[in-house]
Every structure is written in structure tokens, then in C-alpha cells.
Amino acid sequence: VQLQASGGGLVQPGGSLRLSCAASGFSLDSYVIGWFRQAPGKKRGGLSCISSSDGSTAYADSVKGRFTISRDGAKNTVYLQMNSLKPEDSAVYYCAAVVGRCYSGSYYYSTRTYDYWGQGTRVTVSS
């Protein structure tokens, strides 16, 4: 069971990036995929989640309206489209998986909820 996060890089404020979380060794069906980020000196915090089964999604207030989570079942991949990026979005971004159904609330924004983690991809927003 592996999750591979990719797509990070350097982008200017106001720019966009799309992160990918590819699963291998298991099907994402029945799983919730969550995206998290961790900036230097800060705790890892939840941003968004999606249910692979029915596409239900949830977003933290900090990214609502700017970030969009989506899935491609055929590719066994979940994406995080990030628009209107700000310097404070700079962090290492992680994806994680757990069996369940995504809904709004603190449960799926907690690192303790998830069983599997990707290795992280770094996003730097700077001019």
C-alpha cells in the first residue's frame, strides 16, 4: 500500500498548482483521501478530504473557495487544485488514506484518523 504525492514546486503569489496523490497496491474505492500540510515549526493540519466512493468533499475554512479536491478512479489518483496561492500556503503537502466517508468536521482533518500516508511534496509560494 503506497501513496505518492507529487506536483509541488515554486509558484508566485496568485498562481496555481495541482497536486496529485497516486495510490498503488490498493484501490481507492471505499477510502477517504485527505490532504494535509505542514509548514516549518507548525503542526500538520488538514485541508480537505474526498470520498472515493461517492465524491463527497469537505474543506477547511483556510482553503475553501481556493482549493478543489477531485478524484480519477481510473487512475486511482486524487488531486488538489490550488488557486490564488499565498505565501502562507508554503508548506510540505501530504496525502493520506483511511477507509470511510468524507464529511465536514474535525475527524477527517486529524492526522490520527488516517492509516496510510504519502511522502509529501513541497510547495513554495514566493515572488
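Clustering ILVMFWY residues whenever any of their side-chain heavy atoms sit less than 4.5 angstrom apart, transitively, puts Ile50 in the very cluster that holds Leu3. Under the 4.5 Å side-chain heavy-atom criterion for ILVMFWY residues, no single connected hydrophobic cluster contains both Val63 and Val92.
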Please tabulate, for side-chain N and O atoms in residues 74-81, each donor-acceptor pair with protein atoms closer than 3.5 Å (sequence neighbours left out).
unit_1, atom_1, unit_2, atom_2, d
Asn76, OD1, Leu28, N, 3.0
Asn76, ND2, Ala23, O, 3.2
Asn76, ND2, Phe26, O, 2.8
Thr77, OG1, Lys75, O, 2.8
Gln81, NE2, Asn83, OD1, 2.9

In a table with atom names and distances, give each donor-acceptor pair under 3.5 Å that connects a side chain of residues 103-111 to protein atoms at least two apart or in another chain.
unit_1, atom_1, unit_2, atom_2, d
Tyr108, OH, Arg101, N, 3.3
Tyr108, OH, Arg101, O, 3.4
Tyr109, OH, Tyr59, N, 2.9
Tyr109, OH, Tyr59, O, 3.1
Tyr109, OH, Ala60, N, 3.3
Ser110, OG, Arg112, N, 3.2

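Heavy-atom minimum distance, Val32 versus Ser51: CG2-OG, 4.1 Å. Considering every non-hydrogen atom in both Tyr114 and Cys49, the closest pair reads OH-CB, 3.9 Å. Summarising the geometry of Ile33 relative to Cys95, their closest heavy-atom pair is CG2-CB, 4.4 Å, with the distance given to 0.1 Å. Of all the heavy atoms in Trp35 and Ser20, the pair that sits closest is CH2-O, 3.5 Å. Residue Ala91 comes nearest to Gln38 through the heavy atom pair CB-O, 3.4 Å, listed as atom of the first residue, atom of the second, then distance. Contact between Leu47 and Ser62 at its shortest, heavy atoms only, is CD2-OG, 4.4 Å.
Ser48 places a side-chain N or O within donor-acceptor distance of the main-chain N or O of Ala58, the cut-off being under 3.5 Å. Between the side chain of Gln119 and the backbone N or O of Ala5, at least one donor-acceptor pair lies under 3.5 Å.
To the nearest 0.5 Å, atoms CZ (Arg71) and SG (Cys21) are separated by 14.0 Å. For the atom pair Thr57 OG1 and Phe67 CZ, the distance stands at 14.5 Å (nearest 0.5 Å). Atom OG1 in Thr121 sits 14.0 Å away from atom CZ in Arg37 (nearest 0.5 Å).
Residues passing the side chain to side chain contact (heavy atoms under 4.5 Å, CB included) test with Val125, sequence neighbours excluded: Val11, Pro13, Leu85, Pro87, Asp89, Ser90, Val123.
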